[in-house]
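Heads up: the structure comes next, in structure tokens.
The structure presented is a predicted model; accordingly, all values stated were derived computationally and were not measured. First listed ligand is number 1; within each ligand, the first listed atom is number 1.
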Amino acid sequence: MTEQSEVTVRRLSGSVGAEIAGVSVAGDLTNAEFDAIHRAFNDHSVLVFRDQRLEPDEHVTFSRRFGPLEQHVLKQFAHPDNPDVFLISNVKDKGKPIGAIRAGQYWHSDSSYLAKPTMASTLNALEVPSTGGDTMFASMAAAYDELSEPMKAFLSGLNAVHDYTNAWDVFFSRVADRPPLSDEDRAKVPPTEQPVVRTHPETGRKALFVNPGFTRHIVGLTDSESRALLDFLFAHAQQPHFIYRHNWAPGDLVIWDNRATWHLAIADYDMDERRHFHRTSIAGDAAY
Ligand code: SIN
């Protein structure tokens with residue numbers, strides 16, 4: 001007998017994102033349910049599930065359906081009960097943040113600075129501020145599609161240098177409450193080269209793969225050529241019609257495909273209100 005699934009998919013914007021209903025990811029997902037979710041993931045790049053307050057082990061079990069997990073370079077923010085869960089949090093204990101504070105408050109694709117960048121990431125919202133703290137997602141596949149053919153031809157075959165420390169130089173150095181990156185952690189993340197345009201291994205769709213957070217320069221161009229081209233691509237990719245903005249409620253679970261999207265956490269909330277999320281990271285392959 002063929003397995004039936006009650007999973008429903010509702011698009012959330014013109015370019016990216018869909019809400020999934022009819023399933024609780026904390027239980028054992030049937031193959032039919034997971035196949036429907038996986039298809040929607042490839043079709044929409046960002047999936048939102050409501051009312052899913054997951055224990056760390058449940059969160060990890062769901063995430064592993066997509067592939068093996070990886071742990072973040074900042075080991076001090078691993079969940080004490082399960083190191084595959086990473087804390088994104090402004091909650092403090094004895095004056096010190098218990099998780100990565102101000103994480104991702106700039107457009108980026110997770111871990112694009114790794115030789116094998118994170119394939120997908122998931123966030124489960126446990127506590128959210130009363131106002132603000134939304135996360136925006138932008139489709140880099142839609143952004144690529146809208147470039148002219150001569151621009152696509154020029155970008156084809158170009159590589160860019162990605163570097164985790166770029167985010168510290170351009171963003172974290174301007175905020176007071178993010179602890180500095182230790183020399184030991186810096187040594188774990190040397191700069192790496194990535195194609196400027198990557199091909200999605202499952203859908204075959206091409207996507208821009210440079211981002212303001214981690215991309216330092218385009219290989220082979222002069223500094224001013226590289227800056228001008230990156231600034232153009234970054235402005236192009238941030239146009240509102242490529243974006244879905246997620247307003248979090250406690251229990252929301254969102255998974256996004258880093259091969260096809262950027263995201264940005266909006267820093268517009270009262271830092272005295274708790275924003276406490278659990279994240280998992282699903283390992284990826286080298287970009288091509
Ligand atoms: C991240 O970049 O993973 C953090 C996103 C968020 O806190 O909304």
Side-chain angles (χ1 to χ4, degrees), residues 12 16-17 45-50 52 54 59 63 66 69-79 84-92 97-114 117-140 162 164-168 170-172 175 177-179 181 189 209 211-215 237-238 243-271 273-284:
L12 292 168
V16 67
S45 304
V46 176
L47 300 182
V48 174
F49 302 78
R50 303 282 187 182
Q52 314 280 330
L54 302 179
H59 192 170
S63 307
F66 289 84
L69 303 192
E70 63 187 21
Q71 294 178 9
H72 197 273
V73 61
L74 302 175
K75 300 278 183 232
Q76 68 269 37
F77 299 137
H79 193 288
D84 286 332
V85 172
F86 181 75
L87 302 180
I88 299 233
S89 185
N90 65 357
V91 176
K92 294 190 175 153
I98 62 166
I101 191 166
R102 298 190 181 280
Q105 293 183 345
Y106 44 83
W107 284 113
H108 66 290
S109 168
D110 283 330
S111 308
S112 67
Y113 49 82
L114 296 179
T118 306
M119 186 267 274
S121 313
T122 75
L123 265 188
N124 192 204
L126 303 181
E127 293 176 86
V128 304
S130 55
T131 307
D134 295 356
T135 305
M136 295 197 292
F137 297 90
S139 170
M140 290 304 106
H162 291 234
Y164 187 39
T165 65
N166 189 65
W168 300 79
V170 300
F171 178 73
F172 291 131
V175 296
D177 48 4
R178 176 86 176 204
L181 190 63
V189 281
F209 198 57
N211 65 77
F214 303 133
T215 308
Q238 288 175 45
I243 294 173
Y244 163 65
R245 177 171 173 156
H246 186 68
N247 176 238
W248 294 95
D252 284 354
L253 174 72
V254 175
I255 178 168
W256 63 90
D257 190 337
N258 289 297
R259 300 166 296 186
T261 59
W262 285 352
H263 59 284
L264 176 149
I266 301 176
D268 63 345
Y269 54 98
D270 180 349
M271 286 299 273
E273 291 191 25
R274 292 161 72 107
R275 187 177 187 273
H276 184 70
F277 289 8
H278 284 173
R279 192 171 94 171
T280 60
S281 302
I282 298 146

I need the atoms of ligand 1 closer than 4.0 Å to a non-hydrogen atom of H263, numbered in the order shown. 1 (C), 2 (O), 3 (O)
Atom 5 (C) of ligand 1: closest protein heavy atom, distance to 0.1 Å, is L123 CD1, 3.8 Å
Name of the residue among N90, T131, D134 meeting side-chain contact (heavy atoms from CB on, under 4.5 Å) with Y269: N90
Give the residue and atom name of whichever protein heavy atom lies nearest to atom 8 (O) of ligand 1, and the separation in Å to one decimal. T135 OG1, 2.5 Å
Decide whether the shortest distance between a heavy atom of H108 and an atom of ligand 1 is less than 4.0 Å. yes
Strictly below 4.0 Å, N to O, side chains only: are R279 and D110 in salt-bridge contact? yes
Listed partners of W248 passing ring pair (Phe, Tyr, Trp, His ring centres under 6.0 Å), at least two apart: H246, F277
My understanding is that we take every heavy atom of each candidate and find the minimum distance to atom 4 (C) of ligand 1. Doing that for A103, A125, G99, A267, which one comes out nearest? A103
Closer than 4.0 Å to some heavy atom of I88 - which atoms of ligand 1 meet that? 3 (O), 4 (C), 7 (O)
Closest approach of any protein heavy atom to atom 3 (O) of ligand 1, naming residue and atom: R279 NH1, 2.6 Å
Applying side-chain contact (heavy atoms from CB on, under 4.5 Å), name anything that partners A167, two or more places apart in sequence or on another chain. Y106, F172, F214
Would you check whether I266 reaches within less than 4.0 Å of ligand 1, judged by its heavy atoms? no
Are W262 and H108 close enough that their ring centers fall under 6.0 Å? no
Please state which protein non-hydrogen atom is closest to atom 7 (O) of ligand 1 and give its distance, to 0.1 Å? R275 NH1, 2.8 Å
Is it the case that N258 and S112 place a side-chain donor and acceptor less than 3.5 Å from each other? no
Can you check side chain to side chain donor-acceptor pair (under 3.5 Å) on T122 and T280, steps first, answer last? CA-CA 5 Å; T122 75; T280 60; 2.5 Å; yes
Option whose closest heavy atom lies nearest to atom 6 (C) of ligand 1, chosen from A100, S89, A265, S111: A265
